[in-house]
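Read through the structure below, which is laid out as structure tokens, and then see the notes.
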Amino acid sequence: MIDLADFRKRPDAYRDAAKKKRVKIDIDAFLKLDEERRVLLHAVETKRAEKNKVSAEVPKMKGDDKAKAVAAMKELGAELKAGEERLKEIEVLWNDLQLRLPGIPLPQVPEGKDDTENKEIRKWGDLPKFAFEPKDHVTLGADLDIVDIPRGVKVAGSRSYILKGDGARLELAIHLFALDLLHKRGFTQLNPPVLASYDAMMGTSYFPGGEEQAYAVGVQQKRTEPITPDDLYLIGTAEVPVTSYHSGEVLKLSELPKRYVGFSSGFRREAGTYGKDTKGLYRVHQIQKVEQVILCEGDAAVSAKMHAEILANAEAVMQALKLPYRVVDVCTGDMGLGQVYKNDIETWMPSRNGYGETHSCSTFHDFQSRRLNIKYEAADGTKKFVHTLNNTCIATPRVLIPILEIYQNADGSVTVPEVLRPYMGGQEKIVCKTA
RNA sequence: GGAGAGAUGGCUGAGUGGUCGAAAGCGCACGACUCGAAAUCGUGUAUUCCCUCACGGGAAUCGAGGGUUCGAAUCCCUCUCUCUCCGCCA
């Protein structure tokens, strides 16, 4: 949610942002509706003030005067009701549009229509060279009996998988390594619910808009308002519960920034991606993720610093794993509604012969905190909205693609990255047990 | 799943139709007293929205939504949540 006062001052900036982000919203319609709402609101409140005033005087009146006043108020009450009803109708539309107004991208964000126009800002690591014919991760996973996709599909449908044996142990090792690294860097770990309320989904701005990407519990899909019985959604990322952790709270300046790391599964319906990335572990319905979340002072310079920090953390993990990657500035058309700056880390995946997105680092400024109502008491005693940021630290199973493919050996085994060995009892290699 | 109790400001807790946005206490802030502190005394202490350059004014909010009424924290209906006990369960 954006600052409406700011919006009214410079609607063109938001018109421009909507255009660049490819957000379909009629800014002029909203301006008109907003004005209509304010006029009507004023009229209704004036009537209400009159009614309140007279009603307060009624008990002191007697006889004729009293009867007249009551009759007049009865009439006023009817008028008021009509006005209130119209106001309510307008506010439904107003509120719906308001939630779709975009955050304004920072100046450094490149303009572009989609992910093909993201801009590479740096590269790290050397691309692997194989002296043998390398296998892809699906083949490796099957041959080593550590990734069972057919049985995953049997049990839970398409885009499902089962990590098995050393594959399962490797996954956990990756997360433990990342969690340890963030622990050492001052992050507090939260293992949150993977179920979230409508408010949490809305507050983090997954809703409205992303309803069809979320699995809903006990409710039908495609809805814009909370309904019974459960009103719970499977989260796509720990960002949702962790960012919502302090919703409705006023934090002390001295306790900022809050550095949290959420560890959870995430669930995505992947609606509308039929036929896309169907093979292997790239695009699946359930992921496991170590997610960094920051709440900091509502100051662009501070959040920029935090953005760099969490991006560096993720890069540190990739470098420790010795996986070649690049960092891109995500262009306007590929950003979310509320994001003002976003970097992706893309990791080299031999089977794709290219870089594939493995991390996403986003700065929201006060877009989420306005919806979630997370404030802090500033140095001058006023209450301001915090800035929120989040970034993947590591996510599986997608990162297993580069790990398996890059660390494979000519004999079909996979070397365990050195930094992960302590988390696998010192194991150095994953070999085929049945061969 | 069964039975019961409850939801009021930062907290505790009064308040069953008319200056109640809300007593009182605690907490907190400021001031007085003090060398300083404690104690004591005094003053102040919710959020959101609208109008205004500002001073200030208005509206809404006592779990949520609806209703009755000139007027609702108080009456009626629906829902949600919390707590206790029993059952079931990782």
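Protein chains get the first letters and strands the later ones, always in sequence-line order, with residue 1 at the start of each.
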Discussion item. Classify the ring geometry of A:Y341 against A:H307: parallel below 30°, tilted from 30° to 60°, perpendicular beyond 60°.
Written reply: tilted
Does [N] have a Watson-Crick or wobble mate here (both distances under 3.5 Å), and if so which one?
N     : result
B:A38 : none
B:G25 : B:C11
B:C70 : B:G18
B:U61 : B:A46

Worksheet item: Hey, what do you get for CD1 (A:I310) to CZ (A:R185), rounding to the nearest 0.5 Å?
Response: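 Output value for this atom pair is 12.5 Å.
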Discussion item. Say we look at B:A37 and B:C28: how far apart would their P atoms be, to the nearest angstrom?
Written reply: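 One P to the other, the span is 16 Å.
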Discussion item. Suppose you measure atom P in B:A24 against the same atom in B:C81; what distance do you get, rounded to whole Å?
Written reply: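 Looking at atom P only, B:A24 and B:C81 are 36 Å apart.
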Discussion item. Using a heavy-atom cut-off of 4.0 Å across all strands, would you classify A:K66 as base, sugar-phosphate, or nothing?
Written reply: nothing
Practice prompt. Determine the contact category for A:V54: base if any of its heavy atoms lies under 4.0 Å from a base atom, sugar-phosphate if only primed atoms, P, OP1 or OP2 are that close, otherwise nothing.
Written response: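 If one applies the 4.0 Å heavy-atom cut-off, A:V54 turns out to touch nothing in the nucleic acid.
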Taking atom types as modelled, is there a side-chain donor on [X] or [Y] under 3.5 Å from an acceptor on the other?
X      : Y      : value
A:Q368 : A:T243 : no
A:T139 : A:D136 : yes
A:N313 : A:Q292 : yes

Discussion item. Treating A:T237 as the side-chain partner and A:E239 as the backbone partner, does any N or O pair qualify as donor plus acceptor under 3.5 Å?
Written reply: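 Yes; at least one donor-acceptor contact below 3.5 Å.
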Worksheet item: Can any side-chain N or O of A:R22 pair as donor or acceptor with the backbone N or O of A:K20 at less than 3.5 Å?
Response: yes
Discussion item. A side-chain contact here means heavy atoms from C-beta on lying under 4.5 Å apart; do A:Y233 and A:Y198 qualify?
Written reply: yes
Worksheet item: Using a heavy-atom distance cut-off of less than 4.0 Å, which residues of residues 73-88 of chain A contact RNA chain B?
Response: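 Listed by number, they are A:M73, A:K74, A:K81, A:K88.
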Item to complete: Using a 4.0 Å cut-off on protein heavy atoms (strictly under), produce a 5'-to-3' string for nucleotides 47-59 of chain B with B for base contact, S for backbone-only sugar-phosphate contact, and - for none.
Response: SSSSS------BS
Fill in: A:Y260-A:H246 aromatic ring centre distance below 6.0 Å
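Yes: the rings meet the under 6.0 Å criterion.
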